[in-house]
Amino acid sequence: GGLYGATNTIVGHPFDTVKTKMQTQSGFTNSGALASARQILSSEGAVGFYRGCLPPMWGSAVYRSAQFAVYDLLYAEAERHPASLEHVPGTDMQWRVLGAGAVGATARTVLESPIEYAKVKGQTNQKWKLGEVYRGAGLQWARTGPMMTLYFCTLSVSSSPSNAVDARPTLTRRCHTGLFDACKRNGYASTPVGQFFSSGGCALIGFWVVWPFENLKNQAQAGKNWLAHARTTGLLGLYRGIVPGSASVFLRNGAAMIVM
């Protein structure tokens with residue numbers, strides 16, 4: 001767990017700091033990723049990229065472990081309930097995947113939200129307050145729930161004949177249980193390099209979908225009016241910081257998979 005948290009932080013935190021400052025801190029909100037990185041380096045030195053790193057370094061292994069433990073427990077328990085084994089209409093995914101994923105995400109949010117709050121405060125050079133550690137927890141859940149559901153279940157495109165007469169392939173969507181599991185089944189994660197790209201890529205897809213909630217969560221945890229920000233910035237503005245943020249998500253999840 002300690003090795004996972006350290007790898008996750010060392011590899012990805014500098015990019016995450018750039019992303020958070022671009023989204024929330026005055027003096028960075030109109031700068032690009034490279035300009036923001038240069039500004040951090042010139043004003044705070046290399047240590048500035050690692051501000052706020054201690055909470056996720058020690059806490060990430062805990063809340064991720066809790067999430068998957070809860071998911072596995074509920075997924076196995078649902079075996080005794082036939083209704084949960086039915087497939088979601090139009091997919092190959094069982095209802096228990098959605099249920100266990102949602103509860104697992106809730107367990108993660110309870111543990112992760114104070115850690116994320118402390119991290120964002122550190123990255124934006126603010127002092128945190130104990131009474132505010134669950135600020136933005138609702139947005140945290142809105143980000144984590146769909147993101148992890150996508151990690152456990154994703155839509156992929158495959159070809160199949162539309163009918164016996166017309167054998168031309170048509171695109172059909174099929175739901176697989178687990179992005180990373182799908183990569184393993186297809187042999188993409190059979191080597192360390194494959195594991196790096198598979199895990200990093202799977203996490204990245206989930207984050208791209210829920211990125212607006214990541215931005216709004218950071219606004220709330222940094223003490224901003226996230227609702228006013230959502231109204232004024234527009235959908236495109238909610239994807240601010242996605243370049244350094246994507247680098248952080250991809251690198252830290254890929255590297256952490258190798259050391260696990």
Side-chain angles (χ1 to χ4, degrees), residues 1-2 4-5 7-9 12 55-88 91-119 133-156 175-185 189 195 198-214 216-218 220-221 248-250 252-254 256-257 259-260:
Y4 176 90
T7 302
N8 197 295
T9 301
M57 177 179 288
W58 300 114
S60 60
V62 175
Y63 64 71
R64 283 183 170 85
S65 296
Q67 169 191 294
F68 283 98
V70 170
Y71 175 86
D72 289 340
L73 177 65
L74 293 179
Y75 185 87
E77 181 66 22
E79 188 79 31
R80 301 191 300 170
H81 303 279
S84 71
L85 305 181
E86 298 292 330
H87 290 169
V88 177
T91 76
D92 290 338
M93 179 182 63
Q94 296 175 339
W95 284 105
R96 63 175 172 172
V97 174
L98 284 179
V103 178
T106 302
R108 169 173 169 164
T109 298
V110 171
L111 296 172
E112 182 183 22
S113 192
I115 294 169
E116 282 287 297
Y117 167 82
K119 182 200 74 172
V133 294
Y134 279 99
R135 180 189 292 272
L139 294 165
Q140 182 95 35
W141 187 91
R143 181 208 71 171
T144 301
M147 176 183 69
M148 295 314 301
T149 299
L150 282 169
Y151 193 89
F152 291 126
C153 162
T154 185
L155 291 174
S156 68
C175 195
H176 296 291
T177 306
L179 270 168
F180 188 69
D181 184 61
C183 291
K184 290 193 292 184
R185 289 199 310 268
Q195 291 174 0
S198 295
S199 180
C202 292
L204 193 57
I205 291 172
F207 254 104
W208 279 345
V209 173
V210 300
W211 195 266
F213 290 110
E214 168 72 7
L216 294 176
K217 172 198 75 70
N218 289 339
Q221 292 175 334
S248 174
V249 170
F250 180 79
R252 72 181 188 231
N253 283 281
M257 179 58 65
V259 304
M260 285 179 66

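Considering only residues two or more places apart in sequence or on other chains, A137 meets the side chain to side chain contact (heavy atoms under 4.5 Å, CB included) condition with S113, Y134. For the side chain to side chain contact (heavy atoms under 4.5 Å, CB included) test, residues two or more places apart in sequence or in another chain that qualify with V133 are P114, Y117, W128, L130. Under the salt bridge (Lys or Arg N to Asp or Glu O under 4.0 Å) criterion, K217 pairs with E116, not counting sequence neighbours. Applying the side chain to side chain contact (heavy atoms under 4.5 Å, CB included) criterion to L111, with sequence neighbours excluded, gives V62, Y63, A66. In this structure, the side-chain hydrogen bond (donor to acceptor under 3.5 Å, both in side chains) partners of R108, at least two apart in sequence or on a different chain, are Q67, E112. By the side-chain hydrogen bond (donor to acceptor under 3.5 Å, both in side chains) test, T144 pairs with no residue at all, sequence neighbours left out. For F250, the ring pair (Phe, Tyr, Trp, His ring centres under 6.0 Å) partners are F196, F197, not counting sequence neighbours. For E79, the side chain to side chain contact (heavy atoms under 4.5 Å, CB included) test picks out L85, R96, with sequence neighbours left out. Take W141 and apply the side-chain hydrogen bond (donor to acceptor under 3.5 Å, both in side chains) test, not counting sequence neighbours, and it matches T106.
Heavy atoms only, all atoms of each residue included: W95 and A83 are closest at CD1-O, 4.0 Å. Across all their heavy atoms, G101 and Y71 have their closest contact at N-CD1, 3.5 Å. Of all heavy-atom pairs between S248 and G12, the closest is OG-O, 2.9 Å. For the residue pair A220 and G136, the shortest heavy atom distance occurs at CB-CA, 3.9 Å. Residues N8 and A256 approach most closely at ND2-CB, 4.4 Å, considering heavy atoms. Annotation for I115 and G59: closest pair CD1-CA, 3.6 Å, computed over non-hydrogen atoms.
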Validation: residues 201-209 side-chain donor-acceptor distances under 3.5 Å, sequence neighbours left out:
unit_1	atom_1	unit_2	atom_2	d
W208	NE1	S246	OG	2.9

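Residues in residues 201-214 take part in these salt bridge (charged side-chain N to carboxylate O under 4.0 Å, His left out) pairs, two or more places apart or across chains: K19-E214, R143-E214. Note on residues 201-213: no pairs pass salt bridge (charged side-chain N to carboxylate O under 4.0 Å, His left out), not counting sequence neighbours.
The structure places CD of Q140 at 8.5 Å from CG of N218, a figure rounded to the nearest 0.5 Å.
For S199 (side chain) and M257 (main-chain N/O), no donor-acceptor pair under 3.5 Å exists by modelled atom type.
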